[in-house]
Student: 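Attaching a single structure in structure tokens format; questions to follow.
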Amino acid sequence: MYQAPRGTVDILPEEQVYWRYVEQKAAAICSLYGYERIDTPTFENTKLFARGIGDGTDIVEKEMYSFKDKGDNDITLRPEGTASICRAYIEHGMANLPQPVKLYYLTSIFRYERPQAGRLREHHQFGYEAIGDADPVVDTEVIEMAWRFFQSLGLEKLSLLINSIGCKECRPNYLETLRKYYQRHSDNLCKDCRTRLERNTLRLLDCKQSNCRQFVNNAPKSIDYLCEDCGQHFNLLQKYLDKICLPYSVNHKLVRGLDYYTRTVFEIQPELEGGQSTIGGGGRYDNLISELEGKPTPAVGFATGIERIILNLKREGIAAPALYEPSVFIASMGDNARETAVKLSSDLRNAGIGVVQSTGTKSLKAQLRQANNLQMQYAVIIGDEEVASQTVILKDMAGNSQENLPVDCLIDKLKG
RNA sequence: GUGGGUGUGGCCUAGUGGUUAAGGCGUCAGGUUGUGGCCCUGAAGAUCGAGGGUUCAAAUCCCUCCACUCACCCCA
């Protein structure tokens with residue numbers, strides 16, 4: 001039997017309510033904050049991601065779906081959203097538009113990882129980017145928007161963590177201090193942390209091993225090593241967040257897995273434990289556009305995983321609104337009645353009334369059973385008698401009433 | 001990529017070496033003429049995740065693979 005490739009899933013009809021719900025709330029919040037939708041290709045030149053995300057990151061090193069196409073081009077299925085958006089910003093000269101340019105996307109993401117709950121090889125992200133403005137007001141907006149988005153979905157048990165990891169000027173100094181601190185303890189670190197010490201110093205702060213945690217708690221904090229500009233930026237951000245009463249906590253252990261982040265980083269996490277913790281995250285990436293050969297352009301963005309949102313909606317028992325109102329089922333008996341039913345179905349749909357037509361040769365009982373199972377609001381019954389008198393029986397499935405009425409009156413009756 | 005758990009009709013579950021793998025939900029059909037839901041009856045639907053091995057005999061024991069799942073890694 002064929003099955004979907006590992007780490008991929010079919011999103012079945014009964015799941016679709018959640019997807020439509022999330023997509024609709026995403027579009028609504030974007031409209032409210034002045035973001036426009038952009039769709040970029042599913043694949044890009046491999047270099048774009050290698051340059052953008054960072055060669056040393058896990059994503060680039062071992063998680064990309066990369067291949068050569070028939071023209072010998074190095075191609076990669078999009079492993080995150082931001083790099084493509086920046087490419088499009090540069091390619092289409094969006095620097096000439098009023099800044100910041102605000103874009104959002106809703107798209108699938110591919111990473112070759114070991115699947116588990118809330119983690120797939122193909123998953124979907126909703127993300128948005130504000131490109132071309134370094135003002136911490138923009139950071140504030142981006143964070144508030146994420147928070148309100150989750151609120152609008154009904155998710156409540158969330159917490160917001162923020163941190164600043166500095167910029168080109170001040171981060172090297174901090175990293176050096178951090179490295180020195182950890183080198184003193186290197187004998188007591190776990191295996192992973194020893195490699196992190198060489199390769200990805202910031203991630204030392206993220207280790208969950210109980211033994212390493214003691215070092216994390218006393219580790220030098222990035223916010224104590226910020227340059228004047230970065231410090232000012234972070235102070236203003238907190239001031240603005242306070243002003244709009246967003247509950248956040250500064251977490252000096254918060255670092256993000258992609259190399260392009262500068263200054264502000266933030267994550268939103270469910271308070272309920274279990275599964276993958278982060279539901280959404282983002283931050284500022286002031287060097288990415290220039291790294292991708294655009295003019296130096298500051299930017300800040302956010303992304304969230306739809307599957308994880310839905311996981312949390314279910315966990316919190318939030319029901320998505322139904323997608324459609326079941327309406328009219330048309331049952332018929334005999335060839336003449338069937339002919340009338342075909343015409344009537346066509347006419348009702350033409351009038352904008354949703355119809356499910358009975359097919360095959362089923363008893364009336366079976367047809368009504370089907371109408372019932374489909375949770376139809378009405379059943380229209382047509383037999384020889386009705387054909388002869390040009391009437392139909394309109395049966396209210398919820399109540400237990402039915403009436404005989406001229407076929408010409410049916411549309412008005414259903415609409416009224 | 002590492003380690004643990006799991007895998008029985010569409011869904012949930014019983015069955016841990018021995019006749020045709022059991023039940024519930026769901027689906028379909030009937031319960032006298034053209035009326036659903038409740039109830040009753042019946043039917044369809046499973047080479048027990050796949051392949052190999054042990055055995056007179058395997059859903060049950062062993063191996064390999066696949067998938068799911070949990071923890072790690074990492075991330076959304």
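In what follows, chains carry the letters A, B, and so on, assigned in the order in which the sequence lines appear, proteins first and then strands, with residues in each chain numbered from 1.
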Student: Tell me whether the rings of A/Y174 and A/Y225 are parallel (<30°), tilted (30 to 60°) or perpendicular (>60°).
Tutor: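 A/Y174 vs A/Y225 ring planes: tilted.
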Student: Counting distance alone, no hydrogens or angles: does the base of B/rG36 have a donor or acceptor under 3.5 Å from a partner atom on the side chain of A/N372?
Tutor: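 It does, because a donor-acceptor pair links the side chain of A/N372 to the base of B/rG36 below 3.5 Å.
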Student: Would A/Y104 and A/Y35 count as a close aromatic pair, with their ring centres under 6.0 Å?
Tutor: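 Ring centres of A/Y35 and A/Y104 not closer than 6.0 Å.
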Student: Under 4.0 Å between any heavy atoms, over every strand shown, what does A/N400 touch: base, sugar-phosphate, or nothing? Just pick one.
Tutor: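 Counting heavy atoms under 4.0 Å across all strands, the contact made by A/N400 includes a base.
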Student: Could you check whether A/I109 gets within reach of a base, just the sugar-phosphate, or nothing at all, counting any heavy atom under 4.0 Å?
Tutor: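 Contact class for A/I109: none.
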Student: Within 45° of the six-membered ring axis of A/Y112 and under 6.0 Å from that ring's centre, is NZ or CZ of A/R121 located there?
Tutor: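 So A/R121 does make the cation-pi contact.
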Student: To the nearest angstrom, how far is A/L120 atom CG from B/rC70 atom P?
Tutor: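 Rounded to the whole Å, the gap is 11 Å.
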Student: Assign A/A146 to base, sugar-phosphate, or nothing according to its heavy-atom contacts below 4.0 angstrom with the strands shown.
Tutor: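 No contact.
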Student: Students often get this wrong, so: under 4.0 angstrom with heavy atoms, is A/G399 touching a base, only sugar-phosphate, or nothing?
Tutor: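 Contact class for A/G399: base.
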Student: Taking the six-membered ring of A/Y18, is NZ or CZ of A/K314 closer than 6.0 Å to its centre and within 45° of its axis?
Tutor: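 Geometry flag: set, cation within 6.0 Å and 45°.
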Student: Mind checking if A/E63 touches a base, just sugar-phosphate, or nothing, with heavy atoms under 4.0 Å?
Tutor: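 If one applies the 4.0 Å heavy-atom cut-off, A/E63 turns out to touch the sugar-phosphate alone, with no base involved.
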Student: Can you tell me how far P of B/rA29 sits from CG of A/L364, to the nearest Å?
Tutor: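 To the nearest whole Å, that distance equals 12 Å.
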Student: Paired with B/rA44 by Watson-Crick or G-U wobble geometry, both distances under 3.5 Å: which nucleotide is it?
Tutor: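 Its partner is none (no Watson-Crick or G-U wobble pair with both distances under 3.5 Å).
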Student: Identify the nucleotide, in any strand shown, that forms a Watson-Crick or G-U wobble pair with B/rU60, with both distances under 3.5 Å; if there is none, say none.
Tutor: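 The base-pairing partner of B/rU60, which may sit in any strand shown, does not exist here.
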Student: If pairing requires Watson-Crick or G-U wobble contacts with both distances under 3.5 Å, which nucleotide is the partner of B/rU6?
Tutor: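 WC or wobble partner is B/rA67.
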Student: Who does B/rG36 pair with, Watson-Crick or G-U, both distances under 3.5 Å?
Tutor: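 No nucleotide pairs with B/rG36.
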Student: Heavy atoms only, 4.0 Å cut-off, all strands: where does A/Q3 land among base, sugar-phosphate and nothing?
Tutor: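 Sugar-phosphate, backbone atoms only, no base.
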Student: Relative to the ring of A/Y128, is the ring of A/F126 parallel (under 30°), tilted (30 to 60°) or perpendicular (over 60°)?
Tutor: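 The arrangement is tilted - the two ring planes meet at 30° to 60°.
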Student: Would you mind classifying the nucleic acid contact of A/E122 as base, sugar-phosphate or nothing, using non-hydrogen atoms under 4.0 angstrom?
Tutor: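 Contact class for A/E122: none.
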Student: Would you mind reading off the distance between A/Q116 atom CD and B/rA67 atom C1', rounded to a whole angstrom?
Tutor: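 Rounding to the nearest Å, CD of A/Q116 and C1' of B/rA67 are 15 Å apart.
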Student: On RNA chain B, nearest-nucleotide positions of A/T57 versus A/A4: which is more 5'?
Tutor: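 Mapping each residue to its closest nucleotide by heavy atoms, the 5'-most match is A/A4.
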Student: Quick one: label A/E307 by what it contacts on the DNA or RNA (base, sugar-phosphate, nothing), any heavy atom closer than 4.0 Å.
Tutor: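 It contacts nothing in the nucleic acid.
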Student: Out of B/rC73, B/rC68, B/rG34, which nucleotide sits closest to the side chain of A/R6?
Tutor: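 Looking only at heavy atoms from C-beta outward on A/R6, the closest nucleotide is B/rC68.
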Student: Within this structure, what is the CD-to-C1' distance between A/Q370 and B/rA29, rounded to whole angstrom?
Tutor: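 Atom-to-atom, A/Q370 to B/rA29, this comes out as 13 Å.
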Student: Write down the partner of B/rG1 under the Watson-Crick or G-U wobble criteria, each distance required to be under 3.5 Å.
Tutor: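 B/rG1 is paired, partner B/rC72.
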